[in-house]
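Input: a single structure, listed below in structure tokens.
When a residue number appears, it is its place in the shown sequence, counting from 1. Not measured: the values here are computed from a predicted model. Every number for a ligand or one of its atoms is a count from 1 in the order of the listing.
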Amino acid sequence: MNTKQQASYVVAAPAVDVVIMAAGKGTRMKSVLPKVLHALAGKPLLHHVLDTAAELLARKVVVITGHGAAEVETACANKTGFAADFDLQFARQEPQLGTGHAVQQALPHLADDGMVVILSGDVPLTMPHTLYHVLKATDGQHMALLTLEQPNPAGYGRIVRGADGQVQAIVEHKDATEEQRAITEIYSGIMAVPAVDLKRWLAQLDNNNAQGEYYLTDIVRFAVQEGAPVVAYKIDDALQVAGVNSPVQLAELERAYQLRQAHRLMEQGVRLADPARIDVRGDLLCERDVSIDVNCVFEGQVTLGQGVRIGAHCVLANCVIHDGAVIHPFTHIDGEKLGVTVGAGALVGPFARLRPGAHLGQEVHIGNFVEVKNSSLAAGAKANHLAYLGDATVGERVNYGAGSITANYDGANKHRTVIEADVHVGSNCVLVAPVTIGTGGTVGGGSTVTKSTEPGALTVARAKQLSIPNWQRPQKVRK
Ligand code: UD1
Ligand code: MG
């Protein structure tokens with residue numbers, strides 16, 4: 001949301017308190033996991049809604065829980081990284097007697113002076129900007145509904161308007177007449193309503209309807225009966241109000257969401273080989289002239305510098321790739337909490353693995369089947385084939401041979417290996433940490449190095465070669 005617009009709403013109107021309905025069972029997900037905890041773009045559905053509430057600068061958020069209540073509450077309480085702080089409360093709804101009954105459970109937590117925004121935990125993609133418009137439509141003092149033109153309105157509550165065009169009621173599909181069922185403007189499930197009014201109207205609810213439920217939507221009739229205005233803010237973007245009820249719907253929303261992210265990236269200048277084959281599960285920041293080949297997955301916080309190229313089938317999580325670096329196909333980078341940095345102009349992969357705490361300087365080369373963990377490689381260092389660097393500090397221009405490893409773990413503790421600048425480590429070496437290879441030194445192929453070496457020294461630590469001339473191999477005995 002545009003912060004200026006947000007500020008103008010906040011100044012002019014009552015505090016926003018958000019109620020998120022998340023008590024439903026989600027039977028059609030056919031899963032032991034509560035529906036609202038299923039992930040979209042790598043994040044539980046409910047977390048998307050909590051993030052939206054944070055963007056609205058909510059004062060308080062009340063989550064209505066029921067099915068899997070304890071699990072849902074823990075998942076909310078453990079969520080970190082909100083854009084804003086709010087007071088998070090839970091209200092349990094057991095049994096679930098309808099949406100009106102759900103919101104009734106939140107009332108003890110809601111102060112009379114607030115504007116209550118009602119959201120659903122299974123509707124993840126509502127834009128804060130849209131909710132701002134709904135809030136604006138309340139004028140800080142009456143009810144506003146978010147509605148949608150829906151060519152196939154079956155199943156939804158219909159917006160019934162009078163001859164004057166004013167909203168008269170929401171009629172649920174199962175209670176609607178044939179004439180009402182022809183209405184294509186539907187209630188999205190999202191509304192904003194002053195807390196005082198909400199409390200008064202919810203007290204009047206009954207369940208005399210086709211489903212025997214307490215319908216939140218009945219409060220529209222009560223408002224109209226009192227002569228209170230009910231305003232509708234209509235959008236035509238169904239994705240923003242789409243709910244998830246089944247794995248098919250979850251996958252559809254995921255693809256739609258990813259396609260939107262792909263388009264946003266392309267609008268910023270990022271070249272995507274195929275916008276239908278990228279997944280961003282977090283925040284992907286790209287500088288100019290980034291290109292991304294097919295089937296790449298980005299998780300957590302990823303930054304790609306100017307001119308970075310990402311090959312096909314890469315997974316990049318929590319990392320910063322500096323200008324001009326090239327990540328070749330099938331590379332897996334996961335910085336987890338420590339992060340990974342790849343220096344400008346570095347070449348990584350194909351088939352490389354960079355783990356937490358891997359920090360590569362400028363023009364470092366990491367080749368196929370090389371694993372780097374909690375290690376730094378200074379500018380120009382190279383490990384091109386089949387190698388492991390764990391808990392190592394590698395100096396500038398070091399060449400680390402094929403098949404070499406740092407033995408960093410003694411079974412109880414981790415130790416560091418220091419390879420100073422301009423060292424050449426031959427193939428198939430084992431550097432048993434803690435150990436330092438002095439500047440400019442050379443380690444002969446096949447060496448197992450257990451003691452630190454002097455700068456400039458050649459170190460060879462393997463059995464001396466023995467050759468026996470004219471060696472006769474044993475002959476097979478014939479029986
Ligand atoms: C509701 C609206 C309908 C609207 C539709 C939009 C009512 C009566 N109807 O219908 O007008 O077009 O949403 O999707 O509100 N929930 C609870 N406790 C309950 C019942 C539901 O927490 O007792 C939660 C559900 O988990 C869900 C949300 O409330 O997150 C909406 O419930 P759902 O059953 O999907 O509403 P609909 O009947 O589809
Ligand atoms: Mg229902």
Side-chain angles (χ1 to χ4, degrees), residues 18-29 31 33-38 40 44-46 48-50 52 62-69 72-73 76 90-107 117-126 143 145-150 152-160 167 169-176 180-181 183-191 193 198 201-202 205-222 230 232 234-235 238-246 249-250 253:
V18 173
V19 173
I20 303 176
M21 294 186 286
K25 190 165 185 192
T27 314
R28 284 194 278 152
M29 290 303 291
S31 167
L33 190 67
K35 176 167 78 173
V36 294
L37 298 187
H38 282 268
L40 182 124
L45 295 171
L46 184 52
H48 286 267
V49 185
L50 288 167
T52 305
V62 186
V63 181
I64 313 293
T65 60
H67 282 282
V72 173
E73 289 164 14
C76 290
F90 300 101
R92 290 203 181 179
Q93 186 202 17
E94 280 155 353
Q96 286 86 42
L97 303 178
T99 51
H101 178 251
V103 179
Q104 279 171 348
Q105 313 311 308
L107 296 184
V117 174
I118 296 174
L119 305 173
S120 291
D122 57 0
V123 178
L125 299 181
T126 319
M143 179 175 192
L145 307 172
L146 180 62
T147 71
L148 179 83
E149 232 8 271
Q150 175 63 269
N152 305 310
Y156 292 100
R158 306 299 205 283
I159 304 296
V160 178
V167 174
I170 299 174
V171 179
E172 292 305 307
H173 181 86
K174 286 187 179 151
D175 300 282
Q180 288 167 335
R181 285 185 182 183
I183 298 171
T184 50
E185 186 184 6
I186 59 131
Y187 170 54
S188 66
I190 290 170
M191 65 168 73
V193 48
L198 181 67
W201 294 329
L202 283 179
L205 281 189
D206 64 43
N207 62 354
N208 296 327
N209 53 54
Q211 302 185 78
E213 286 182 11
Y214 294 89
Y215 291 164
L216 174 63
T217 44
D218 279 350
I219 69 172
V220 173
R221 272 195 292 119
F222 304 150
V230 178
K234 186 153 72 167
I235 58 170
L239 193 61
Q240 288 196 49
V241 297
V244 172
N245 294 298
S246 66
Q249 286 174 348
L250 181 59
L253 269 200

* Asked: Of all the atoms in ligand 1, which lie at a distance below 4.0 Å from a heavy atom belonging to T99?
  -> 7 (C), 8 (C), 15 (O), 20 (C), 21 (C), 29 (O), 31 (C), 32 (O)
* Asked: If you measure from each non-hydrogen atom of N245 to ligand 1, which part falls under 4.0 Å: side chain, backbone, both or neither?
  -> neither
* Quick one: CE on M191 to CD1 on I170, what's the gap to the nearest 0.5 Å? -> 5.0 Å
* Asked: Is there at least one pair of N or O atoms, one from D122 and one from ligand 1, spaced under 3.5 Å apart?
  -> yes
* List every atom of ligand 1 that sits less than 4.0 Å from any heavy atom of T217, numbering the atoms from 1 in the order shown and giving each element. => 7 (C), 8 (C), 9 (N), 11 (O), 15 (O)
* Asked: Is the backbone N or O of V160 less than 3.5 Å from a side-chain atom of Q180, with the two atoms forming a donor-acceptor pair by type?
  -> no
* To do: Give, for atom NE2 of H101 and atom CG of L205, the distance between the pair rounded to the nearest 0.5 Å.
  => 10.5 Å
* For S120, counting its heavy atoms only, list the atoms of ligand 1 lying under 4.0 Å from any of them. => 28 (C), 30 (O)
* Structure fact -> To the nearest 0.5 Å, atom OH of Y214 lies from atom CG of D206 at 7.5 Å
* Using heavy-atom distances, let me know which of S188, A102, G98, G24 sits nearest atom 20 (C) of ligand 1. => G98
* To do: Drop me the distance from E185's CD to Q150's CD, to the nearest 0.5 angstrom.
  => 11.5 Å
* Below 3.5 angstrom, do we get any N/O pair linking Y187 and ligand 1? -> yes
* Residue among I219, V220, D218, L216 satisfying side-chain contact (heavy atoms from CB on, under 4.5 Å) with W201 -> I219
* To do: Check ligand 1 against Y215 and write out every atom of the ligand that is under 4.0 Å from a heavy-atom position of the residue.
  => 8 (C)
* Do side-chain atoms of R28 reach the backbone of S246 as a donor and acceptor pair under 3.5 angstrom? -> no
* Counting both backbone and side chain atoms, is some N or O of E172 under 3.5 Å from an N or O of ligand 1? -> yes
* Within a distance under 4.0 Å of any heavy atom of G157, pick out the atoms of ligand 1 and give their elements. => 3 (C), 4 (C), 11 (O), 12 (O)
* Number the atoms of ligand 1 from 1 as they appear, then name those within less than 4.0 Å of a heavy atom of M21, with their elements. => 22 (O), 24 (C), 29 (O), 30 (O)
* Minimum non-hydrogen distance to atom 17 (C) of ligand 1, winning option of H67, Q93, Q96 -> Q93
* To do: Say whether I64, considering both its backbone and side-chain N or O atoms, lies within less than 3.5 Å of an N or O atom on ligand 1.
  => no
* Asked: At what distance, to the nearest 0.5 angstrom, does CD of E172 lie from CD of Q211?
  -> 6.5 Å
* Regarding N245 and K35, is there a side-chain donor-to-acceptor distance under 3.5 Å anywhere? -> yes
